[in-house]
Amino acid sequence: MQYLVSVIDDKSNSGTESEMAAIDAFNEQAQADGHWVFAGGLAHPATATVIDGRGPEPVLTDGPFVETKEFLAGFWVFEAPDLDVALKLAAAGSKACNRRVEVRPFL
């Protein structure tokens, strides 16, 4: 089963050198343990474009879908046999990046 672990922050690209080193070490361990699927950091929500393609012509709007103080700053996608393993991975990722995270299974 795959799980999305979303990193929550109120700044973009805010990782310190020590946090980035801890994230790199965590990523390497997740890869070595066979849990790694994909991960990435995201640009600030102000760089987003929302597209509504439900009508006859798509409507593009600059900026984020919603205005919030905190936002999705990055993510991991992990392969794990169950939610307990995914939660342990997420807790270790949260510690490594020094941010709160949210875990959600893929359908």
Side-chain angles (χ1 to χ4, degrees):
M1 181 144 205
Q2 293 183 339
Y3 296 86
L4 174 67
V5 178
S6 303
V7 178
I8 302 162
D9 202 348
D10 61 356
K11 294 179 271 324
S12 186
N13 202 25
S14 65
T16 65
E17 281 188 39
S18 63
E19 289 168 344
M20 296 309 294
I23 292 166
D24 288 343
F26 172 75
N27 289 345
E28 289 171 11
Q29 188 63 54
Q31 290 171 8
D33 292 343
H35 296 296
W36 180 273
V37 176
F38 184 77
L42 297 172
H44 192 277
T47 66
T49 302
V50 176
I51 302 168
D52 185 349
R54 296 175 291 176
E57 295 293 323
V59 176
L60 284 69
T61 307
D62 290 338
F65 173 66
V66 294
E67 296 283 341
T68 65
K69 180 180 176 192
E70 294 180 314
F71 52 84
L72 178 63
F75 63 92
W76 286 282
V77 176
F78 292 128
E79 183 77 36
D82 56 44
L83 180 60
D84 289 338
V85 172
L87 294 176
K88 287 179 184 175
L89 286 163
S94 174
K95 185 173 185 76
C97 71
N98 195 32
R99 307 287 184 280
R100 294 182 310 130
V101 301
E102 176 189 76
V103 178
R104 294 173 67 183
F106 281 90
L107 299 177

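Positions are given from 1, in the same order as the sequence printed here.
Hydrophobic clustering (side-chain heavy atoms under 4.5 Å, transitive across Ile, Leu, Val, Met, Phe, Trp, Tyr) groups I23 together with Y3. Put simply, L42 and L4 are part of the same group of oily side chains (I, L, V, M, F, W, Y) that touch within less than 4.5 Å, one to the next. When hydrophobic clusters are built by joining Ile, Leu, Val, Met, Phe, Trp and Tyr residues whose side-chain heavy atoms come closer than 4.5 Å, directly or via intermediates, V5 is grouped together with L83. Under the 4.5 Å side-chain heavy-atom criterion for ILVMFWY residues, a single connected hydrophobic cluster contains both V85 and F26.
When side chains are defined from C-beta on, P105 counts as touching M1, because their heavy atoms get closer than 4.5 Å.
For the side-chain contact (heavy atoms from CB on, under 4.5 Å) test with V101, the passing option among I8, L87, V7 is V7; the others fail. Screening F75, F78, W76 for a ring pair (Phe, Tyr, Trp, His ring centres under 6.0 Å) involving F38 leaves a single residue, F75.
Going from atom CD of E19 over to atom CG of D24 covers 12.0 Å, rounded to the nearest 0.5 Å. A distance of 10.5 Å separates NZ in K69 from CG in D9, rounded to the nearest 0.5 Å. Summarising the geometry, atom CG belonging to D84 is positioned 11.0 Å from atom CG belonging to L89; distances are rounded to the nearest 0.5 Å.
When all heavy atoms are compared, the tightest approach of A96 to A22 is O-CB, 3.4 Å. Taking every heavy atom of both residues into account, A86 and A80 meet most closely at N-CB, 3.9 Å. When all heavy atoms of S12 and A43 are compared, the closest pair comes out as OG-C, 3.6 Å. E79 approaches Q2 most closely through the heavy-atom pair OE1-CG, 3.1 Å. For the pair V50 and P64, the tightest heavy-atom approach, listed with the atom from each and the gap, is CG2-C, 3.8 Å. Between A73 and K11, the shortest heavy-atom distance links the atoms CB-O, 4.4 Å.
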Any chance you could lay out the side chain to side chain contact (heavy atoms under 4.5 Å, CB included) test for F106 and V77, step after step, and finish with the verdict?
CA-CA 9 Å; F106 281 90; V77 176; 3.8 Å; yes
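Counting only distance, with no hydrogens or angles, the side chain of S94 and the backbone of R99 share a donor-acceptor pair below 3.5 Å.
Within a 6.0 Å sphere centred on CG of D10, other residues, nucleotides and ligands contribute more than 12 heavy atoms.
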